[in-house]
Amino acid sequence: MRLRSTAPLALLALTLGGCTHNLRPIQEPGRATAFPTAHPWTSMVYAARTDSGVVVIDLGWGGAEGALTRRLRALGATPGDVTDVFVTHSHRDHIGAWRAVQGARFHLSDTEAALFEGRAGHHDLPSRLAARVLGHAGPLPGEVDVRPFASDTLFTFGRDTVRAFRVTGHTEGHAAYLFRGVLFAGDAIARKPLTGFKGADAVFTTDPEVARQSLRSLFERVRPYDVRWVCNAHAKCARLDSAFVRRVTR
C-alpha cells in the first residue's frame, strides 16, 4: 500500500523551499505551458506541442495529474496525446503525474532507471525516510515504457529537438534537457529566498561534489547552443549569462 501523507516532509519544505515562481518567460500560449504543483513544496511541469506529439518535462507532485490534464486541454491536447516524457530525476516530487501519461515513452538517464522503477533506492536521507514512510512513488518495472540513455543524446520531434545531458550527483542519474532555448536543469540548481540561485541542495543530494563538477561541465556542454533561460525543477527561472554561471558553480 502506498501511503499519501506528506507530514514527515513538511518541516523540510518550510525550511528549504523557495517562495516565488518565474515561469512567464517560458510560456507559449497555445503551444507550451509551464506550471507549478505543490505537496508540500512547489515542483514544475512543462508541456509543449510539437509536430509529432506532446512532450512533457518532469511530472510534478501533489495534484499534478489533474493540473496536467487541465493545462493540456489549453493546448488542445489530452494526456493520451503525450508521446514522450523527459524525467530530470526520480525524486518523488518530480514524478507525481506518471500514471496520467502512462502510455508515453519515458526518457531518463540509464543510471536513474532503477531508482525510477523502484529497483534501487535513493541515497539521500530525506528520500530514504520518505520511501520508508510513503513507499515507492514511481512505476514498477514494466508499468511504463522506459527509454534510458547512457550519454548526452539528441531527440528530434519534427522541427523541435530535445537535447539531453547527464548531470549526475544530485541523484545517480540526474539529467538536464534543452528545449526551445530553455535549459531545464532539474534539481542540479536550487534557489532559496535568502541566498538566490546556487547548486544542488546538499541535504537532498547523493554526492554534492560530483553534483558541482557535473554542473560546471553542463554549462560547458551547452555553450554551442542558443540557451536563453535556465529553469530548475521548482519553477524558478532566470536568464542564462556568465554571471549566473559563476554564481551557481562557485
> Any chance the side chains of Glu172 and Thr206 put a donor and an acceptor closer than 3.5 Å?
Replying inline: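 Looking only at side-chain atoms, Thr206 and Glu172 do not form any donor-acceptor pair under 3.5 Å.
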>> Could you tell me if Ser127 and His91 have a donor-acceptor pair between their side chains, going purely by distance under 3.5 Å?
In response: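 Their side chains do contain a donor-acceptor pair, which is all the 3.5 Å distance test asks for.
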Is there a donor-acceptor contact under 3.5 Å from the side chain of [X] to the main chain of [Y]?
| X | Y | value |
| --- | --- | --- |
| Trp229 | Phe184 | no |
| Glu143 | Leu140 | yes |
| Arg92 | Gly135 | yes |

Tell me, please, which residues at least two apart from [X] pass salt bridge (Lys or Arg N to Asp or Glu O under 4.0 Å).
| X | answer |
| --- | --- |
| Arg24 | none |
| Arg221 | Asp152 |
| Arg31 | Glu28 |
| Arg132 | none |

>> By the salt bridge (Lys or Arg N to Asp or Glu O under 4.0 Å) test, which pairs, at least two apart or in different chains, include something from residues 52-73?
In response: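 Applying salt bridge (Lys or Arg N to Asp or Glu O under 4.0 Å) to every pair that reaches into residues 52-73, excluding sequence neighbours, yields nothing.
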>> Applying salt bridge (Lys or Arg N to Asp or Glu O under 4.0 Å) as the test, list every pair that has at least one member in residues 121-130; sequence neighbours left out.
In response: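 Qualifying pairs: none.
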>> Arg147 vs Asp84, test: salt bridge (charged side-chain N to carboxylate O under 4.0 Å, His left out). Steps then yes/no.
In response: CA-CA 10 Å; Arg147 303 288 184 96; Asp84 295 83; over 6 Å; no
> Closest heavy-atom contact between Ala34 and Met44?
Replying inline: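 Of all heavy-atom pairs spanning Ala34 and Met44, the closest is CB-SD, 4.4 Å.
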Please confirm whether [X] and [Y] have ring centers closer than 6.0 angstrom.
| X | Y | value |
| --- | --- | --- |
| His234 | His94 | yes |
| Tyr177 | Phe86 | yes |
| Phe197 | Phe244 | yes |
| His107 | Phe149 | no |

[X]-[Y] co-clustered via ILVMFWY side chain contacts under 4.5 Å:
| X | Y | answer |
| --- | --- | --- |
| Val167 | Leu108 | no |
| Ile57 | Leu218 | no |
| Val162 | Val222 | no |

>> The criterion is side-chain contact (heavy atoms from CB on, under 4.5 Å); which residues satisfy it with Asp207, sequence neighbours excluded?
In response: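 With neighbours one apart ignored, the set is Glu209, Val210.
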Distance from [X] atom [atom1] to [Y] atom [atom2], nearest 0.5 Å?
| X | Y | atom1 | atom2 | value |
| --- | --- | --- | --- | --- |
| Leu72 | Thr33 | CG | OG1 | 8.5 Å |
| Asp187 | Asp93 | CG | CG | 6.5 Å |
| Phe204 | Leu125 | CZ | CG | 10.0 Å |
| Leu183 | Asp226 | CG | CG | 11.5 Å |

> Which side chain to side chain donor-acceptor pair (under 3.5 Å) pairs, counting each pair once, include a residue from residues 240-250, with sequence neighbours left out?
Replying inline: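 Pairs touching residues 240-250 that pass the test: none.
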>> Is the ring pair His174/His170 parallel, tilted or perpendicular, if the boundaries are 30 and 60 degrees?
In response: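 Ring orientation of His174 relative to His170: perpendicular.
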> By side chain to side chain donor-acceptor pair (under 3.5 Å), which residues pair with Ser43, not counting sequence neighbours?
Replying inline: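 By the side chain to side chain donor-acceptor pair (under 3.5 Å) rule, Ser43 matches no residue at all.
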>> Could you work out, with side chain to side chain donor-acceptor pair (under 3.5 Å) as the rule, every residue matching Arg119, not counting sequence neighbours?
In response: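 Glu117.
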> Tell me, do Val45 and Val56 make a side-chain contact under 4.5 Å, heavy atoms counted?
Replying inline: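 Yes, side chains in contact.
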>> Tell me every residue that passes ring pair (Phe, Tyr, Trp, His ring centres under 6.0 Å) with Phe106, counting only those two or more places apart in sequence or in another chain.
In response: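 Counting only residues at least two positions away or on another chain, Phe106 forms a ring pair (Phe, Tyr, Trp, His ring centres under 6.0 Å) with Phe116.
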>> Using the ring pair (Phe, Tyr, Trp, His ring centres under 6.0 Å) criterion, which residues pair with Tyr225? Sequence neighbours excluded.
In response: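 In terms of ring pair (Phe, Tyr, Trp, His ring centres under 6.0 Å), with neighbours along the sequence ignored, Tyr225 is linked to no residue.
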>> Would Val55 and Val85 count as a side chain to side chain contact (heavy atoms under 4.5 Å, CB included) here? Give the steps.
In response: CA-CA 6 Å; Val55 300; Val85 175; over 6 Å; no
